Protein chains: 2
Amino acid sequence: MARVRISDVAAAAGVSTSTVSLVLNDRTGARISEETRVRVREAAATVGYTPNSIARGLRMQRTRTIGLVSDVIATTPFAGRMLAGAQDAAREHGHLVFLVNTDADPAVERDAIRALVDQQVDAMIYACMWHQVVETPADLPAQSVFLDCRPVSGGHPAVVPDELAGGRAAVRELVAAGHRRIAYVDAEELNPPVASGLRRQAYLEVLAEAGITPDPAWHVHGSETTSASGRAATERLLDLPADLRPTAIFCFNDRMAAGAYVAARHRGLEIPADLSVVGYDDQQLVAGELDPPLTTVALPHYEMGRWATEVALGAREPPAPDQTYLMPCPIIRRDSVSSPPAAAANSSRRRA
Amino acid sequence: MARVRISDVAAAAGVSTSTVSLVLNDRTGARISEETRVRVREAAATVGYTPNSIARGLRMQRTRTIGLVSDVIATTPFAGRMLAGAQDAAREHGHLVFLVNTDADPAVERDAIRALVDQQVDAMIYACMWHQVVETPADLPAQSVFLDCRPVSGGHPAVVPDELAGGRAAVRELVAAGHRRIAYVDAEELNPPVASGLRRQAYLEVLAEAGITPDPAWHVHGSETTSASGRAATERLLDLPADLRPTAIFCFNDRMAAGAYVAARHRGLEIPADLSVVGYDDQQLVAGELDPPLTTVALPHYEMGRWATEVALGAREPPAPDQTYLMPCPIIRRDSVSSPPAAAANSSRRRA
DNA sequence: TGAGCCTGCTAAATCGATTGATCACATATT
DNA sequence: AATATGTGATCAATCGATTTAGCAGGCTCA
């Protein structure tokens with residue numbers, strides 16, 4: 001069963017293809033009588049005509065498609081939300097999205113960008129899964145937006161999570177609960193460079209604004225960003241002398257926070273009564289499934305996906321040239337934060 | 001900077017566009033001298049020509065694109081692997097994939113299928129995220145493959161996980177470790193219908209083949225498939241009299257298994273010394289992060305994604321008409337299974 | 001010398017839409 | 001009567017490739 005073409009509609013309605021096109025596209029200014037319009041529309045409906053997007057794309061020089069090239073889609077739960085955001089925005093604007101997963105392979109990435117350009121995509125989104133600064137790939141069309149990363153040399157709109165504000169919100173949550181001895185379970189130095197640095201900066205800033213001088217022992221590093229690594233780092237905090245031991249921990253991410261739970265449990269410490277914990281990322285399967293559920297800061301992947309797509313399609317004003325848009329990271333309050341244990345509050349208040 | 005067209009190459013090489021096309025597509029049988037071929041190729045390289053896929057698609061009636069419509073992409077970690085599998089297979093065959101997320105909205109789904117057909121995709125993949133039987137959507141082209149679901153009325157190739165074999169492997173793992181009192185923490189009746197039924201069937205079959213008569217009390221249901229629900233169901237098992245209490249649990253999925261861990265811990269039971277646990281799904285962030293890491297059965301989403309794409313592109317033989325391909329689910333051995341406690345028959349062993 | 005056959009290349013049709021120019025005809029104006 | 005104006009619809013070019021039929025020129029051979 002061959003596809004119905006515009007000429008089939010024209011034949012059925014007894015008019016030319018021009019007329020059909022003019023009617024179906026509602027071209028104002030075209031002088032077509034109302035009777036003819038009705039006849040054409042009915043003919044189109046009865047033969048079941050839908051326009052061939054390829055032919056239209058060729059003629060119009062506009063395909064109503066966008067390309068999304070991402071370095072990772074399988075190994076992180078964030079990718080899905082990002083895609084969903086991009087997807088929804090694209091659909092709302094009548095666009096379809098080509099998805100390419102490069103697995104961070106530069107050759108695959110190059111070929112993918114070329115293939116998408118050859119497909120005449122109207123716009124392109126270059127996404128990374130971890131907030132970072134990247135080289136602008138060759139052949140990237142002008143109409144491109146960076147998602148969860150920033151081009152070193154600028155030249156394109158970009159959106160990343162506002163990790164500084166998010167980190168501040170997380171630590172303020174602990175300060176507001178009355179904690180003074182607050183630790184930071186950090187990722188390995190420089191990995192991933194941007195996120196880690198900003199969250200650490202937020203930690204230091206909030207302690208300073210609360211008039212707390214952090215003890216260097218409160219800043220511990222994990223070798224990776226896993227639960228096991230978070231546990232090991234937390235052990236070191238819990239080994240500190242009682243008057244120095246933190247009553248609250250801000251963790252680089254939720255997985256490390258899960259490790260903190262394990263460490264605390266092995267010492268017989270209750271969360272949050274004996275130790276308050278805040279994570280980052282809001283990984284549903286981690287933060288939501290922990291016992292008690294983890295208070296954390298969400299990474300706004302869905303929103304960033306939407307933002308990037310809307311900017312790429314020109315439906316939203318881009319930020320000033322070479323400015324990166326910072327997407328707010330909302331704090332997700334669950335049950336892992338309470339006021340510090342009474343004993344801790346009384347025993348030692350270290351102030352500058 | 002306008003795109004380079006084939007006519008630009010022709011002009012640069014001093015030949016016709018026909019010649020350029022013939023040369024660049026390596027059409028054997030075309031009588032073009034070697035000198036001309038070299039000249040054309042050099043011209044193409046220097047002007048930086050790459051063919052316009054839209055124009056080619058129109059002429060060839062073949063776009064080298066496929067459509068993938070999925071009911072969910074954001075809320076499950078499995079979606080990513082499925083996409084990655086489809087993606088990789090498509091790339092290896094020189095195809096690009098259009099991704100559409102319908103959020104299980106029938107209207108969105110209908111529009112998406114139409115849009116993809118209008119884009120002249122060469123093939124289509126209809127994916128669900130949870131193994132199920134579905135109605136065949138209207139307008140679905142003949143060249144379509146069902147992924148992680150089966151059309152009620154057949155007519156298309158389909159691939160689903162072999163949950164029966166996977167479930168058998170899981171329970172056999174417990175039988176092989178020496179367990180006799182093996183429980184099944186099930187999902188709610190009929191939700192999701194197919195997976196739950198098959199895993200239950202596997203449980204009953206393996207007990208039967210091991211000569212074990214299951215006590216009805218060993219088959220408990222959770223109201224949902226969450227950790228909390230798994231915990232509640234497990235509590236009921238642990239409340240059984242000592243001589244009836246299971247020494248091993250097969251859980252419908254990893255999240256419920258995480259709940260079983262919580263229940264066991266609250267009773268002071270060690271996993272696997274006091275209670276062996278096997279899950280299903282191999283959700284990395286759950287199974288891998290538990291303490292101890294959970295032995296489970298993996299859902300082969302990546303492989304199913306590949307399979308569906310290869311069949312859709314004709315690169316792999318489809319199964320016999322109206323036969324559904326069952327993809328093996330490999331067992332992932334971690335540390336949550338050991339032999340039953342020696343005193344299992346008469347002691348509840350509460351630990352401090 | 002001219003029919004037959006290669007060789008090397010190109011003209012022109014085609015894919016299915018969109019659109020500016022144009023046509024046929026009716027009516028209004030001078 | 002001749003010209004202008006307006007209406008409704010169509011013609012034909014176009015987008016950028018692929019592909020079939022065929023042309024021009026050289027060579028062979030009877």
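What you see is a predicted model; the values in this text were computed from it and never measured. Reminder, nothing fancy here: chain letters follow the sequence lines and each chain counts from 1.
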To the nearest angstrom, the CD-C1' distance between B:Q120 and C:dA17 comes to 11 Å
Check: What does A:S33 touch in the nucleic acid at a heavy-atom separation under 4.0 angstrom: a base, only the sugar-phosphate, or nothing?
Finding: sugar-phosphate
Here the pair of heavy atoms bringing B:A43 nearest to B:A12 is CB-CB, 4.0 Å
When rounded to whole Å, the CE to C1' distance for the pair A:M60 and D:dG16 reads 17 Å
| query | Contact class for A:R59 (heavy atom, under 4.0 Å): base, sugar-phosphate, or nothing? | reply | base
- Parallel, tilted or perpendicular: which fits the ring planes of A:F78 and A:W130, with parallel below 30° and perpendicular above 60°? perpendicular
Within the 4.0 Å heavy-atom criterion, would you say A:T36 contacts the bases, only the backbone, or no part of the nucleic acid? sugar-phosphate
Counting only side-chain nitrogens and oxygens, does A:Y49 get under 4.0 Å of the OP1 or OP2 atom of C:dA17? yes
Regarding B:L22, tell me which of base, sugar-phosphate or nothing describes its non-hydrogen contacts under 4.0 Å with the strands shown. base
In whole angstroms, the gap separating P of C:dT19 from CG of A:L24 amounts to 13 Å
Under 4.0 Å, counting only non-hydrogen atoms across every strand here, what does B:R31 touch: a base, just sugar-phosphate, or nothing? base
B:D8 CG to D:dC15 C1', in whole Å, measures 14 Å
When rounded to whole Å, the CD to P distance for the pair B:E35 and C:dG8 reads 9 Å
Which of C:dG16, D:dT19, C:dT18 is nearest the side chain of A:T17? It is C:dT18
Quiz item: Is B:N25 near enough to D:dT18 that one of its side-chain N or O atoms lies under 4.0 angstrom from OP1 or OP2?
Solution: yes
Compare all side-chain heavy atoms of A:E109 with those of A:Y126 and state whether any distance is below 4.5 angstrom. yes
B:I6 atom CD1 is separated from D:dT19 atom P, nearest whole Å, by 11 Å
| field | Residue pair A:D71 / A:T102, side-chain donor-acceptor N/O under 3.5 Å | value | no
A:I54 CD1 to C:dA17 C1', in whole Å, measures 11 Å
Among the nucleotides C:dT19, C:dA17, D:dA17, whichever has the atom closest to the side chain of A:R27 is C:dT19
Q. For residues A:S70 and A:N101, is any side-chain donor paired with an opposing acceptor at under 3.5 Å?
A. no
Could you check whether A:S18 gets within reach of a base, just the sugar-phosphate, or nothing at all, counting any heavy atom under 4.0 Å? base
message = With a 3.5 Å distance limit and no angle check, can you tell me whether B:D148 reaches the backbone of B:P161 through a side-chain donor-acceptor pair?
response = no
Tell me whether A:D139 contacts the main-chain N or O of A:R114 through its side chain, where contact means a donor paired with an acceptor under 3.5 Å. no
Among D:dA9, C:dA17, C:dT18, the one nearest any side-chain atom of A:I32 is D:dA9
Winner on side-chain proximity to B:P51, out of D:dA17, C:dT19, D:dG16, is D:dA17
Item to complete: May I ask you to test the B:V15-B:R39 pair for a side-chain heavy-atom distance under 4.5 Å?
Response: yes
B:R62 CZ to C:dT14 C1', in whole Å, measures 19 Å
In short, the helix from C:dT1-D:dA30 to C:dT30-D:dA1 is bent end to end, axes from five pairs each side, to 10°, by 90°
